[in-house]
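One structure below.
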Amino acid sequence: MAKVLTSRKENYSQWYNDLVIKADLAENSAVRGCMVIKPYGYAIWEKMQAVLDRMFKDTGHSNAYFPLFIPKSFLSREADHVEGFAKECAVVTHYRLKSSPSGGIEVDETAKLEEELVIRPTSETIIWNTYKNWIQSYRDLPLLINQWANVVRWEMRTRLFLRTAEFLWQEGHTAHATREEAMEETIKMLGVYADFAKEWMAMPVIKGVKTENERFAGAVETYSIEALMQDGKALQSGTSHFLGQNFAKAFDVTFLDKTGKLEHVWASSWGVSTRLMGALIMAHSDDNGLVLPPKLAPIQVVIVPIYKKTEELAVIDERVEVIRKSLIASGISVKYDNRDTHKPGWKFAEYELKGVPLRLAIGPRDIENRSVEVARRDTLEKKIYPVEGIADTVKALLDEIQDGIYKKALDFRDNNTFRADSYEEFREIIASRGGFVLAHWDGTRETEEKINQETKATIRCIPLDPVMEEGKCIVTGKPSPRRVYFAKAY
RNA sequence: CGGGGUGUGGCGCAGUUGGCAGCGCGCGUCGUUCGGGACGACGAGGUCGGAAGUUCGAGUCUUCUCACCCCGACCA
């Protein structure tokens, strides 16, 4: 087969870049740092959205939409928040253009905005400013809102899906009467993300708390799900924040509780972005291309006819139509590619590159034997199956693939999660093979920063379901109640 | 923002001391092919990133400029 991708071994990040382009997921646009998500890539994102949206609704949330523009003054209301985002904000300063003497077009300096508008890097401020008017009583709580939106963070260096200046995401913003309830919501949504990653993306994740260093600007506590990529680097795939009363205080959002006492509300916010696309790509794919979990694949089964003459194709078309209908009846998404403009071998390679979980090939031999050749994308294994009961066969195989790639990803993570009991050992693992390293840490910012500077590894999270184990910090030797996850990160 | 690099058909690239702008892929037409990215013939497609300069003559030399990529510092 003609090689179209750089191999992972050769250059992992080049492999990733090649794959995104060659699998037709996205490409760089004329705007620096901003990508064009192509139809095939967007189809995957839409499937993710549909599932997540259902999960949010099932946990009591409603969708709403808030403006793209945020008055500059809003951003500065919460001190940590502004500090965290100020360096990467795009700002709108004018509202009109005029033709320039040189023949082009230029900003009309007379059309300067009274108050400049920031393009949302996240929507806490505009949302809490709005919530102020929505909440008066404990009867208005909890307020459980989600929005699907684009946001802009002016990044220095960007990579398709993993870090782009503009990206798509959802952001949940909830308001609660009590601290406990807001915290419960924070953890619940982290759980939703972890379930989604596992059940739909077939990607195992670690749930944990972020250290102070990695905390969201304006949050009291940040939780995340962390996944391990095939190059041994961790990818933060979703975050859920307990915001305490920080934004309620900044925007003066209060309510009267049952006893008639005026209180600030408690808040959470949580989000996942198109970065999940990057995670999905890197979690399962190989040197032949994308490997998609059947549950998120836009096309679950592709059927390729093999024929010499058009008369043969007519017979195959007929047989395929029967198969196609039975698959659709079983809720399987099928594409029959009977284009005459490409050869079977070309199509095989193409759909492999695009990660279609199953490929059915039907030729004269199969017509004769009432059989189909079925090729699995995950194992590249080919087998002949009878046409009879093909829908059940396919269904079973899709389930097997979904489970199989999860298992494979889990094994990979297990085989690349290490325990280090000395700093020496720690440095050796991080430098040589990467992966997650579980080690004791004394809980201080200084130690974390020292480790980061010396090894490039960061604390990904403090696991939520930790095995409590007394130990000593690998750097300072001070006591530590449990191990935390370290890794180099995206 | 520091360090490095690249701009030449749609994509990937070559272009020697300055002398007719090329190759591969892709694209179009026709024919033979079709169970793992087929082959042949013919064909279309370029203000060589932009501006100024040197020269009889610039893709090539000089100056300026713009864009993008890679490596760092910052980030989901």
Side-chain angles (χ1 to χ4, degrees), chain A residues 1-6 11 13-14 17-18 21-22 27-34 83-89 121-122 150-171 193 210 213-217 219 222-227 234-241 269-279 288-289 304-310 312-313 316 338-354 359-369 371-375 380 382 384 452-453 456 458 460 489-490:
Chain A
M1 196 200 310
K3 196 186 108 166
V4 286
L5 297 177
T6 305
N11 184 340
S13 77
Q14 190 60 48
N17 292 339
D18 285 359
I21 302 294
K22 298 281 170 54
E27 63 188 32
N28 281 306
S29 71
V31 186
R32 200 197 85 98
C34 296
E83 200 190 321
F85 286 106
K87 286 164 290 182
E88 48 186 13
C89 284
T122 179
N150 59 336
V151 285
V152 169
R153 295 180 188 176
W154 214 259
E155 299 290 348
M156 312 260 186
R157 287 188 59 198
T158 58
R159 291 193 70 192
L160 294 170
F161 292 119
L162 296 173
R163 175 164 301 109
T164 45
E166 179 192 17
F167 56 94
L168 306 184
W169 77 348
Q170 59 66 219
E171 44 182 327
Y193 291 154
K210 286 295 194 182
N213 269 335
E214 305 262 327
R215 194 176 293 155
F216 173 74
T222 287
Y223 298 82
S224 75
I225 52 169
E226 300 282 331
L235 182 73
Q236 178 175 305
S237 309
T239 49
S240 187
H241 314 289
S269 71
W270 28 273
V272 292
S273 70
T274 35
R275 178 178 246 202
L276 282 181
M277 291 288 294
N288 297 315
V304 177
I306 290 148
Y307 61 96
K308 289 191 171 71
K309 304 182 188 108
T310 34
E312 286 175 326
L313 179 60
I316 294 169
N338 63 352
R339 283 178 299 173
D340 196 30
T341 49
H342 296 282
K343 293 185 51 180
W346 189 92
K347 294 175 187 172
F348 291 179
E350 180 69 7
Y351 292 108
E352 228 155 70
L353 198 51
K354 291 191 161 184
R359 181 187 71 233
L360 272 50
I362 299 178
R365 289 207 297 270
D366 299 298
I367 293 296
E368 186 134 342
N369 304 330
S371 63
V372 215
E373 181 194 81
V374 181
L380 299 173
K382 286 195 282 199
I384 308 289
N452 183 15
Q453 273 171 17
K456 298 286 171 209
T458 49
R460 296 324 302 152
Y490 273 93

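- With a cut-off of 3.5 Å on both Watson-Crick or G-U wobble distances, the partner of B:A73 is given as none.
- If you measure from atom OH of A:Tyr351 to atom P of B:G35, you get 16 Å, rounded to the nearest angstrom.
- Using a 4.0 Å heavy-atom cutoff across all strands shown, A:Arg365 reaches at least one base atom of the nucleic acid.
- Interatomic distance, CG of A:Asp18 versus CG of A:Leu5, reported as 6.0 Å (0.5 Å rounding).
- Across B:U63 and B:G10, the matching P atoms stand 30 Å from one another, rounded to whole Å.
- Residues passing the side chain to side chain contact (heavy atoms under 4.5 Å, CB included) test with A:Asn213 are A:Thr211, A:Arg445, A:Glu448, A:Glu449, sequence neighbours excluded.
- Evaluation of the salt bridge (Lys or Arg N to Asp or Glu O under 4.0 Å) rule for A:Glu171 yields no partner, not counting sequence neighbours.
- Residue A:Ser273 has its side chain nearest to B:A76 when only B:G37, B:A76, B:G35 are considered.
- For A:Glu373, the salt bridge (Lys or Arg N to Asp or Glu O under 4.0 Å) criterion is met by no residue, not counting sequence neighbours.
- B:U6: Watson-Crick or G-U partner is B:A67, with both key distances under 3.5 Å.
- The side chain of A:Glu350 has B:G37 as its nearest neighbour among B:A76, B:C68, B:G37.
- The separation of B:A76 from B:G4, taken at their P atoms, amounts to 30 Å, rounded to a whole angstrom.
- Heavy atoms of A:Lys382 sit under 4.0 angstrom from at least one base atom.
- Across all strands shown, B:G12 forms a Watson-Crick or G-U wobble pair, both distances under 3.5 Å, with B:C23.
- With distances taken from any side-chain atom of A:Phe348 to the nucleotides B:C34, B:G36, B:A76, the minimum falls on B:G36.
- Residue-level contact check: A:Thr310 touches neither bases nor backbone, having no heavy atom under 4.0 Å from any strand.
- Among the protein residues, A:Leu162 comes within range of the nucleic acid bases, having at least one heavy atom under 4.0 Å from a base atom.
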What does the list of N/O pairs under 3.5 Å between the protein and nucleotides 1-7 of chain B look like, with a distance for each?
none

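- Comparing B:A76, B:G37, B:G35 by their nearest atom to the side chain of A:Asp366 picks out B:G35.
- Among the heavy atoms of the strands lying under 4.0 Å from A:Phe167 is at least one base atom, whether or not backbone atoms are also near.
- Of all nucleotides present, only B:G53 satisfies the Watson-Crick or G-U wobble test against B:C61, with each distance under 3.5 Å.
- A 3.5 Å limit on both hydrogen-bonding distances identifies B:G28 as the Watson-Crick or G-U partner of B:C42.
- With sequence neighbours excluded, no residue forms a salt bridge (Lys or Arg N to Asp or Glu O under 4.0 Å) with A:Arg153.
- Remark: B:G18 base-pairs with no nucleotide in the shown strands. Criterion, Watson-Crick or G-U wobble with two distances under 3.5 Å.
- In the set B:G36, B:A76, B:G35, B:G36 carries the atom at the smallest distance from any side-chain atom of A:Arg359.
- The ring of A:Phe216 has its center closer than 6.0 angstrom to the ring center of A:Phe85.
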Identify the pairs formed between an N or O of the protein and an N or O of nucleotides 38-41 of chain B at a distance under 3.5 Å, and give each distance.
| unit_1 | atom_1 | unit_2 | atom_2 | d |
| --- | --- | --- | --- | --- |
| B:A38 | O4' | A:Lys343 | NZ | 3.2 |

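- Across the strands present, B:U33 finds no partner; the criterion is a Watson-Crick or G-U wobble pair with both atom distances under 3.5 angstrom.
- Using a 4.0 Å heavy-atom criterion, one finds that A:Gln236 contacts the sugar-phosphate atoms exclusively.
- The line from CG of A:Leu162 to CD of A:Glu155 is 11.5 Å long, rounded to the nearest 0.5 Å.
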